[in-house]
Engineer: 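Quick one: the structure is below, questions incoming.
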Amino acid sequence: MATSLLSKSERAYIQASLQASPPLRADGRALLDFRTVLLETGVAPLANGSARLNIGKLPREGGGGTEVLAAVKLEVEDVQTGDGVDGGRVACSVTCFPSAYPQLSSNALDDLQHDLTVILQQTIQHPSLHPRNLTIIPNKKSWLLNLDVVILSDAGNVVDALFMASRAALWDTKVPRTRAVEYRTPDASKKPKKDAMDVDERTSGFETRDIARTAADFELPDYWDEGETLEGRERWPVCITLNLLPPIHILDATLAEEASIPLRLYLMFSFVPSQPPTLQSMKLSGPGELNIAQLKSSISDGEKYARELFNALETKLRDEDTRRTVKARDRFALLR
């Protein structure tokens with residue numbers, strides 16, 4: 001990942017401070033403390049689900065921090081003649097604002113976007129996470145779920161922010177309700193003859209009852225609640241990044257700390273109620289290495305940190321659901 005430019009003496013000073021007793025960080029946090037995390041869902045009105053997240057926003061200046069915007073857009077795909085897959089499919093894309101990485105060339109920025117997209121895509125696309133309500137008409141039409149994430153600024157720990165914003169946007173996503181339709185040509189032999197200009201208003205060529213197997217198309221029924229949530233939305237993973245400086249590790253590293261600690265372990269966990277946690281994916285980044293014992297210990301520690309992060313994010317997402325439902329109910333009441 002992109003890091004700030006530091007001299008060797010600056011890196012050595014930061015490393016010595018982190019390994020001191022007690023350890024020292026520039027912002028006064030403990031080694032395992034996160035900066036302030038701000039999250040809001042429903043920020044993109046034209047998306048099916050969206051979220052904006054900031055880690056480390058400065059309390060007085062009102063800016064700074066790592067800021068990520070995630071949005072989900074559903075598109076209809078044809079399974080038989082197009083690129084659609086029966087059951088639907090998921091596509092992820094990560095874009096980095098050039099202003100977030102002014103030190104990178106255009107080629108380096110493209111490489112960074114590709115690396116982040118691969119990390120997100122390989123994790124989110126796993127079959128165990130696939131929602132089962134992306135089917136519109138079996139073997140004919142399905143939804144393509146586009147998850148687009150934009151990194152507006154990077155003040156460190158961008159991968160954790162990437163997954164938190166993505167999980168919030170997927171949690172917020174509503175799948176439009178659909179109803180299968182079929183056009184049936186009226187049987188002229190069973191109808192009385194009429195003048196050429198007469199129209200039988202009682203008969204319609206569209207049929208919507210019991211035609212799941214023979215349906216040719218679909219329609220969106222009238223609704224006001226935006227549809228239904230993605231099936232299994234509680235399974236979407238979170239990422240915890242362990243910045244490894246043996247014998248210690250730190251969480252939520254700033255850019256200066258990331259530049260001083262080149263070895264990072266990314267762990268993506270899913271936590272489903274009444275089931276053991278699942279390690280969806282992991283990636284080791286940097287020139288260092290870990291032996292088996294160190295890797296097992298790091299995964300065990302990461303699971304504990306990821307569960308704490310997951311529980312805090314889950315509480316915030318449910319609060320966001322309540323906040324938006326109340327606001328919508330209040331607006332509806334004013335219109336009556």
Side-chain angles (χ1 to χ4, degrees), residues 25 27-43 49-59 64-72 119-120 123-124 129 147 149 151-173 229-230 232-243 248-254 257-258 264-282 298-327:
R25 300 179 75 171
D27 51 14
R29 288 181 291 145
L31 297 181
L32 305 180
D33 286 349
F34 265 74
R35 290 166 291 176
T36 302
V37 178
L38 304 175
L39 173 66
E40 184 180 5
T41 60
V43 295
S50 60
R52 188 168 188 149
L53 181 133
N54 184 290
I55 299 180
K57 186 174 183 179
L58 300 177
T66 297
E67 190 159 2
V68 178
L69 176 65
V72 173
I119 292 176
L120 185 64
T123 305
I124 297 297
L129 301 174
L147 173 60
V149 185
I151 298 174
L152 304 175
S153 62
D154 184 358
N157 200 22
V158 70
V159 179
D160 287 8
L162 181 74
F163 274 85
M164 280 191 283
S166 298
R167 187 176 194 279
L170 291 165
W171 175 279
D172 184 58
T173 298
T229 60
L230 283 172
R233 64 176 183 169
E234 69 280 353
R235 294 195 301 265
W236 299 114
V238 295
C239 175
I240 198 76
T241 302
L242 299 183
N243 301 272
I248 65 167
H249 55 258
I250 69 172
L251 302 180
D252 189 23
T254 63
E257 291 170 340
E258 287 182 347
R264 284 180 288 279
L265 179 62
Y266 305 103
L267 300 169
M268 295 73 169
F269 282 95
S270 290
F271 298 94
V272 180
S274 71
Q275 294 184 18
T278 302
L279 178 60
Q280 295 290 345
S281 61
M282 67 177 179
S298 297
I299 292 176
S300 178
D301 291 337
E303 178 187 326
K304 179 178 63 176
Y305 306 144
R307 183 178 289 277
E308 294 175 356
L309 178 62
F310 176 88
N311 290 336
L313 183 59
E314 187 88 353
T315 300
K316 176 59 178 177
L317 290 174
R318 295 191 182 279
D319 289 344
E320 282 291 294
D321 281 350
T322 302
R323 176 187 65 83
R324 294 180 61 197
T325 300
V326 170
K327 289 178 65 176

Engineer: Heavy-atom distance under 4.5 Å between the side chains of V238 and F163, does that happen here?
Structural biologist: no
Engineer: Under a 3.5 Å cutoff, is there a donor and acceptor pairing between the side chains of Y305 and R307?
Structural biologist: no
Engineer: May I ask you to decide if W236's main-chain N or O and R167's side chain share a donor-acceptor pair within less than 3.5 Å?
Structural biologist: yes
Engineer: Could you report the tightest heavy-atom contact between A70 and V149, atom names first, then the distance?
Structural biologist: CB-CG2, 4.1 Å
Engineer: Over all heavy atoms of both residues, which pair between G302 and I240 is shortest? Give the atoms and the distance, please.
Structural biologist: O-CG2, 3.5 Å
Engineer: Are the side chains of T241 and L251 in contact, using a 4.5 Å heavy-atom criterion?
Structural biologist: no
Engineer: With side chains defined as the heavy atoms from C-beta onward, is the minimum distance between K57 and V37 less than 4.5 Å?
Structural biologist: no
Engineer: Hey, are R318 and E314 close enough for a salt bridge, meaning a charged N less than 4.0 Å from a carboxylate O?
Structural biologist: yes
Engineer: Using 4.0 Å as the upper bound for N to carboxylate O, is an ion pair formed by R233 and D321?
Structural biologist: yes
Engineer: Do we see a donor-acceptor contact under 3.5 Å between the side chains of T123 and Q280?
Structural biologist: no
Engineer: Judged by atom type as modelled, is there a donor-acceptor pair below 3.5 Å linking the side chain of N243 to the main-chain atoms of R264?
Structural biologist: no
Engineer: Donor-acceptor pair, T36 side chain versus G56 backbone, under 3.5 Å?
Structural biologist: no
Engineer: Side chains of T229 and T173: closer than 4.5 Å at any heavy-atom pair?
Structural biologist: no
Engineer: Would a 4.5 Å heavy-atom cut-off, applied to side chains only, mark L230 and L170 as touching?
Structural biologist: yes
Engineer: Side chain of R52, backbone of V68: donor and acceptor closer than 3.5 Å?
Structural biologist: no
Engineer: Do I119 and M268 make a side-chain contact, defined as non-hydrogen atoms from C-beta onward lying under 4.5 Å apart?
Structural biologist: yes
Engineer: Rounded to the nearest 0.5 Å, how far apart are CZ of F271 and CG of L309?
Structural biologist: 8.5 Å
Engineer: Over all heavy atoms of both residues, which pair between I55 and M164 is shortest? Give the atoms and the distance, please.
Structural biologist: CD1-CE, 3.5 Å
Engineer: Ignoring hydrogens, what is the shortest heavy-atom contact between P237 and L129? Give both atom names and the distance.
Structural biologist: CD-CD1, 3.9 Å
Engineer: R35 pairs by side-chain hydrogen bond (donor to acceptor under 3.5 Å, both in side chains) with which of N157, N54, D252, D27?
Structural biologist: D252
Engineer: So do the side chains of E320 and R323 get within less than 4.5 Å of each other, counting heavy atoms only?
Structural biologist: yes
Engineer: Check whether any side-chain heavy atom of F269 sits under 4.5 Å from a side-chain heavy atom of E303, and report yes or no.
Structural biologist: yes
Engineer: If you look at every heavy atom in R25 and D33, which pair is closest and at what distance?
Structural biologist: NH1-O, 3.8 Å
